Asks: 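Pasting in a structure now, in structure tokens, and then I'll have a few things to ask.
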Amino acid sequence: MQIAERTEWNLLATPLVAFLLLCLGFPAVVNLVYSVSDISFATLRSPTLSGFGNFAAVLSDGAFWRANWFSLRFGLLTAALECALGLFLAIFLAPLFKERSWPLAILMLPLMVAPALVGLMYRLVLHEFAGPVPHYLWQWFGNSPAFLGPNSAFWTLIVVETLQWTPFAFLLFHMAYHAIPDEVREAASIDGANAWQRLFRVELPLMLPTIAVALLIRFIDGFRVFDNVYVLTGSGAGGSTASLSIYIYEAFFKQGAIGKAVAASVLLFLASFAILYGLNMLARRKKK
Amino acid sequence: MRTISKTAARLMGCVFAGGLMLGSAQAEVTVLGWPGGPEETALRAAVEAYNAKSDVAEENKVELLFFNRDGFWDKLQADLAAGSDAFDINLLATYSIGRYAPFMEPVTLSEEAKDLYGETVLSTMQFDGQQYGVPTDLSLHFMYYRKDLIDGLMGDDAAKARYKEIAQEHLGQALEPKNPDEWTWDDFAATALYFTQAVNPDSPTRYGTVLQLKNLLFNIMVWQSIPRSYGGDWMDAEGNITVDSDAFRKGLELYKILYDAGATPRDSLSYEFPEANAAFASGQVAAMLQWNAAAGDLTSADKSPAAAEVTEVIAPPAGSEGRKTHIHGLGLGLNKNAPNKEGAKAFLTWLSSKEGALTYAGAGGAPALSADAVKEIAAERPDLVKLGEYAGSYGYVMNGGASANALAVYELQAKEFTGYWSGQQDIDTALANAKAGMAELLK
């Protein structure tokens with residue numbers, strides 16, 4: 001029986017394994033080879049092994065570290081803001097959604113728009129002569145801030161990202177909040193807990209795993225940001241809004257530095273793997 | 001059972017017939033063109049005219065292939081590098097010829113081509129002394145300015161005195177207002193400052209100019225006509241990088257003065273072609289250096305009602321070496337892996353003939369034709385007269401501007417120079433970084 005089951009498992013798992021090997025394994029191996037090769041578009045099929053020069057070039061490139069710093073700040077700030085705002089909305093609007101669910105659909109709308117289109121939309125909305133926001137600011141106050149100027153571009157990008165992705169965090173928190181059994185809340189009330197105590201001592205601790213997952217997902221999404229930033233500001237004046245994804249894209253396509261771009265992506269992969277592995281270990285230890 | 005067999009046979013037949021049709025399609029000449037805009041319209045018209053010719057064999061008829069403009073060059077590069085034979089002829093641009101040349105074959109143009117285009121324009125499609133394409137569309141820069149504002153300034157003595165004061169204060173020279181066709185870059189800057197409300201609260205426009213300063217290679221192409229007009233080049237004849245010259249310094253400082261004085265919108269560091277056009281079309285900008293492609297919209301009363309009727313177009317201002325305008329061309333060249341090379345060559349030869357070029361121009365394309373050639377189409381396309389004249393008289397390609405890493409050089413300059421304009425680094429650092437990077441890229 002056990003042998004038959006194992007055979008069945010192997011048979012069922014084979015297509016998935018083959019798919020992963022083909023779609024992830026092969027590019028990964030090619031990437032590894034390219035990262036230690038002297039490679040250009042002209043020599044894509046005949047790379048020359050050159051050691052770890054590409055890694056050294058990336059690690060000694062100030063622009064790479066600036067891009068890392070941008071991505072880290074962007075990922076942390078947007079994740080924190082989206083989760084805080086999403087959590088507040090999920091709890092604050094909970095009575096409303098209990099009565100009517102249609103406003104939920106409206107709140108979800110920003111998720112339906114492609115990030116590149118969001119970038120394009122804000123390019124228009126924030127333009128001094130074509131955009132409604134600067135238009136009314138000029139009309140009412142006789143001035144308007146430079147939303148995409150060198151000092152404010154980062155914060156404008158944070159706001160744009162937060163406005164688009166807060167609904168995602170909100171959706172997770174809304175589900176988690178409504179999944180808490182009413183009996184638990186009633187029991188806390190019977191024990192004399194007021195609304196704040198119920199929130200901080202009962203509801204939030206029960207939602208903690210969801211909050212952690214939401215923070216992680218939003219951080220990963222923010223860290224790897226590309227589309228809307230690229231459309232809105234490109235890599236920014238002097239490279240000031242270059243995320244790590246933009247750094248890799250520009251090194252690959254714009255500079256033709258394929259080895260360097262791939263080496264940077266390998267480093268990103270290793271760092272991501274280490275962080276996720278660490279988090280996984282932490283979660284397991286907590287379970288024990 | 002019989003029904004199943006019959007259905008299977010029909011299916012097989014369909015697949016086989018489909019394969020044959022695919023085979024016949026591959027025997028034609030496939031052209032990968034620039035999608036959208038007048039280039040596509042013109043190419044479609046030229047192809048239609050070519051296919052209608054009686055001496056074009058059935059297997060040499062031309063069919064068109066387009067993919068999206070976004071990321072076009074990156075996708076084309078990947079396709080060519082992978083040895084794609086999905087197209088016989090592909091689009092190429094002056095600044096990317098060196099990158100694509102290893103995957104393309106030089107072409108022989110028609111005998112008329114030299115007289116039709118002239119050497120300067122043909123050089124936009126050359127790499128290592130060989131012709132890689134037919135120059136189908138040319139891009140260069142115009143100075144767009146508000147004639148009503150300049151006329152007002154020229155006819156008002158008090159305004160002239162204020163202009164002189166502003167020029168002295170910001171540029172260190174007591175300049176007099178001039179007719180824009182006689183402007184030097186300093187005159188342009190003085191005019192831009194005069195028409196800026198942050199500098200001159202009585203200015204009828206909010207800004208004197210709009211500079212497109214986004215960290216983008218095309219914006220450097222617009223800007224670099226300033227250093228070029230003062231004799232600047234990427235490299236000297238020996239291949240030494242000369243980007244740290246006084247000419248480049250002059251161009252960088254001029255833009256910095258205008259940006260810091262508020263003569264251009266404060267968001268200009270995120271501006272490119274459409275943003276700059278929108279600013280000018282709003283009627284709140286006095287003068288702007290911009291691509292010729294904007295002329296249609298900016299002089300159309302429907303599209304730019306606030307400015308069109310008072311907008312004039314001239315060549316860019318002069319430096320110590322005269323007037324200069326960056327030129328680059330779009331063109332069509334031969335894929336090394338073309339399945340139908342002979343058919344492709346025949347089409348390219350026709351396209352570079354007078355008949356082909358005039359057909360393309362008549363349908364909305366923008367080839368820079370010599371004065372003699374453009375006469376025949378001047379009534380329909382008066383803009384092409386100016387295009388050909390400016391390209392021939394003021395056009396230039398930087399030394400190294402068609403090399404394999406030309407795009408990367410523009411990218412590097414865009415990053416370093418926008419870093420200077422935004423105040424993140426000083427001019428010496430920006431020029432030193434550009435020089436070091438260019439030495440690596442152009443060696």
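Both backbone and side-chain heavy atoms feed into the values below; hydrogens, waters and symmetry mates do not. Chain letters run A, B, ... following the sequence lines, proteins first and then strands; every chain starts at 1. Note that the coordinates shown come from a computational prediction; the quantities given were computed from them, not determined experimentally.
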Asks: Is atom CH2 of A:W69 surrounded by more than 12 heavy atoms (other residues, nucleotides or ligands) closer than 6.0 Å?
Replies: no
Asks: Of the listed residues (A:N143, A:T241, A:N151), which shares the most heavy-atom pairs with chain B below a 4.5 Å separation?
Replies: A:N143
Asks: Select all residues of residues 195-207 of chain B having any heavy atom within less than 4.5 Å of some heavy atom of chain A, and report them by number, or 'none'.
Replies: B:R206, B:Y207
Asks: Nearest 0.5 angstrom please: A:K254 NZ to B:N405 CG, how far?
Replies: 14.0 Å
Asks: Quick check on the structure: residues of residues 412-434 of chain B within a heavy-atom distance below 4.5 Å of chain A, by number.
Replies: B:K415, B:T418, B:G419, B:S422, B:Q424
Asks: How would you list, in number order, the residues of residues 252-261 of chain B that have a heavy atom less than 4.5 Å from chain A?
Replies: B:Y259
Asks: Check whether A:A63 gets within reach of chain B through its side chain, its backbone, both or neither, counting any heavy atom under 4.5 Å.
Replies: side chain
Asks: How long is the gap from CD on B:E411 to OG on A:S235, to the nearest 0.5 Å?
Replies: 7.5 Å
Asks: Taking B:D267 for its side chain and A:H127 for its backbone only, find out whether a donor-acceptor pair lies under 3.5 Å.
Replies: no
Asks: In terms of heavy-atom proximity below 4.5 Å to chain B, should A:S152 be classed as side chain, backbone, both, or neither?
Replies: neither
Asks: Specify the closest pair of heavy atoms between A:F129 and B:Q284, including all atoms of both residues, with the distance to one decimal.
Replies: CE2-CB, 3.5 Å
Asks: Mind checking whether B:P274 and A:R123 have side chains closer than 4.5 Å, heavy atoms only?
Replies: yes
Asks: Above 12 or not: heavy atoms from other molecules or residues under 6.0 Å from CZ of B:F67?
Replies: yes
Asks: How long is the straight-line distance from CG of B:L216 back to OG1 of A:T233, given to the nearest 0.5 Å?
Replies: 11.5 Å
Asks: Below 4.5 Å, heavy-atom pairs only: which of A:A242, A:A257, A:G238 has the largest tally toward chain B?
Replies: A:G238
Asks: Only counting residues at least two apart or in another chain, list the ones meeting side chain to side chain contact (heavy atoms under 4.5 Å, CB included) with A:Y122.
Replies: A:V118, A:V125, A:L126, A:V160, A:L163, A:L232
Asks: Flag the one option from B:P102, B:P265, B:S268, B:A82 with the top tally of heavy-atom pairs under 4.5 Å to chain A.
Replies: B:A82
Asks: Is any side-chain N of the basic residue among A:E128 and B:R266 closer than 4.0 Å to the acidic one's carboxylate O?
Replies: no
Asks: Given a strict heavy-atom distance threshold of 4.5 Å, which part of B:Y271 is in contact with chain A: side chain, backbone, both, or neither?
Replies: side chain
